[in-house]
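Residue numbers begin at 1 in each chain, while the letters A, B, ... track the order of the sequences.
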Number of protein chains: 2
Amino acid sequence: MDTKIFCLGILSFGDATGYEIKKQLEGPFRHFYDASFGSIYPALGKLTDAALVERTELAQDKRPDKKVYSITPAGKMALMDELAKPISGDKVKSDFLATIVFSELLSPAAIDQMIADRLAAYDSAITELDCEQTMTGPGAHFVCGFGKALYTAARDYLENHRHEIVGHSLLTKSEKVL
Amino acid sequence: MDTKIFCLGILSFGDATGYEIKKQLEGPFRHFYDASFGSIYPALGKLTDAALVERTELAQDKRPDKKVYSITPAGKMALMDELAKPISGDKVKSDFLATIVFSELLSPAAIDQMIADRLAAYDSAITELDCEQTMTGPGAHFVCGFGKALYTAARDYLENHRHEIVGHSLLTKSEKVL
DNA sequence: GATATCATGTAAGGGGTTACATGATTGT
DNA sequence: ACAATCATGTAACCCCTTACATGATATC
């Protein structure tokens, strides 16, 4: 699922500008999907060319024109077709876990710091996902709960198993590795 | 962390060929990091150019020459520098969660199928991560346990909350959406 | 006879990010 | 004064994936 489809999905909930779509991606959604202006605006352009969305320009006082996008019937069909396809597995890229695999090369202090940072990050993610907010639809509610459950599990695991990675630094055995 | 650093990390455990590095990525690691030959071989080329790894060519009978890479002291330093940097947050791209957000556009049958597929995927991931295998070092052991904990939490959440997303399909209310 | 394993690599193309360019308004 | 919010867009670049190209050996 690329930015085009994601925009189509957001627009299926109601009309929005590119700027507003980006804002939606800054809420809880950003934990499992992200996109920058550099991909959103071109995506909306292509969707317009393909007549999957329609653009209405609203002139504004002392601001650039607002371009409000609406999904077209053809766009809704394209979205439904896409959603019906078999779903590809999640793509995760975790520099944190990679760093842990190679953590023998880190000082115990650096490892402790990394773990502390992570625990704090999990806590703030959990707080952020506590969303009885203006979340669009039951799907969004489920997704927030899902995210919270995962971050909580991650937090717990890290707290209960941190001892496995601290105390294995090769740097404790000899100051100089090289 | 890109493929170059990841290769450097793998090579810090011992010499390996590009082919062997790829194989490591097919085990439990692939749940949080992935790379194809199309990125591994060029990465090894650049690392060699930068003298961060050394290449030894081994002629083989009736097989292409094997190219065994070893990390150099400079490579080890580059790796350590990289690992010491503040770690960027995980990047997750979940088509599954995105689909759930937009699941009102799916038929109840399609939603059920999606959930069943997911539960099966979680189960096989959990089995796969059950690794007292030849995992390199304590870090890898931690990471496997971490992955297992997350997939288990995901599985449990999905099973306990699936009712929240089934039964909201707009398609149950009217056959034709358009 | 087909598929998997071993083993390397390249080229085209895809999809994205970052940084830049512009500019008024509102809040600290 | 300075930063943030609103609002759009482009261009350069990055990194990766997919598919291709090659080819022997072993297994089903």
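B:F146 is not listed as a side-chain neighbour of B:F32, based on a closest heavy-atom distance of 4.5 Å or more. Side-chain contact between A:T99 and A:M114 is present, with heavy atoms from C-beta onward closer than 4.5 Å. Residues B:T56 and B:K67 have side chains not in contact (no heavy-atom distance under 4.5 Å, counting atoms from C-beta outward).
Between A:Y19 and A:F37, the ring planes are parallel. Angles under 30° get that label, and only those over 60° would be called perpendicular. Ring orientation note: the planes of A:F6 and A:Y33 are close to parallel, at an angle under 30° on the 30°/60° scale.
At whole-Å resolution of the value, NZ in B:K66 and P in C:dA7 are 4 Å apart. Taking atom CD1 on B:I5 and atom P on D:dC15, their separation rounds to 11 Å, with Å as the unit. Computed from coordinates, the A:I40 CD1 to D:dT10 P distance equals 14 Å when rounded to whole Å. Put simply, CG on A:L58 is 16 Å from P on D:dC6, counting in whole angstrom units. Going from atom CZ of B:R30 over to atom C1' of D:dT17 covers 17 Å, rounded to whole Å.
Under the 4.5 Å side-chain heavy-atom criterion for Ile, Leu, Val, Met, Phe, Trp and Tyr, B:Y41 and B:L52 are members of distinct hydrophobic clusters.
Taken residue by residue, residues 11-21 of chain B places heavy atoms nearer than 4.0 Å to DNA chain C at B:T17, B:G18, B:Y19. Of the residues in residues 47-54 of chain A, not one places a heavy atom less than 4.0 Å from an atom of DNA chain D.
At distances below 3.5 Å, at least one donor-acceptor pair connects side-chain atoms of B:T127 with backbone N or O atoms of B:D123.
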I would like to know whether B:E82 and B:K85 meet salt bridge (charged side-chain N to carboxylate O under 4.0 Å, His left out); could you show each step before the answer?
-> CA-CA 5 Å; B:E82 189 65 31; B:K85 283 188 195 166; 3.2 Å; yes
Hey, mind stepping through B:Y157 and A:F142 against ring pair (Phe, Tyr, Trp, His ring centres under 6.0 Å) and telling me if it holds?
-> CA-CA 9 Å; B:Y157 189 87; A:F142 175 95; 5.3 Å; yes
Would you check, one step at a time, whether the test salt bridge (charged side-chain N to carboxylate O under 4.0 Å, His left out) holds for A:D95 with A:K93?
-> CA-CA 6 Å; A:D95 283 6; A:K93 206 200 152 243; 3.3 Å; yes
In B/S/- notation (B base, S sugar-phosphate only, - none; protein heavy atoms under 4.0 Å), nucleotides 9-19 of chain C written 5' to 3' is BB-----SBB-
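A:K46 comes within 4.0 angstrom of nothing in the nucleic acid, heavy atoms only.
A side-chain donor from one of B:R118 and B:Y122 sits under 3.5 Å from a side-chain acceptor of the other.
For the pair B:K23 and C:dT5, the criterion of a side-chain N or O lying under 4.0 Å from OP1 or OP2 is not met.
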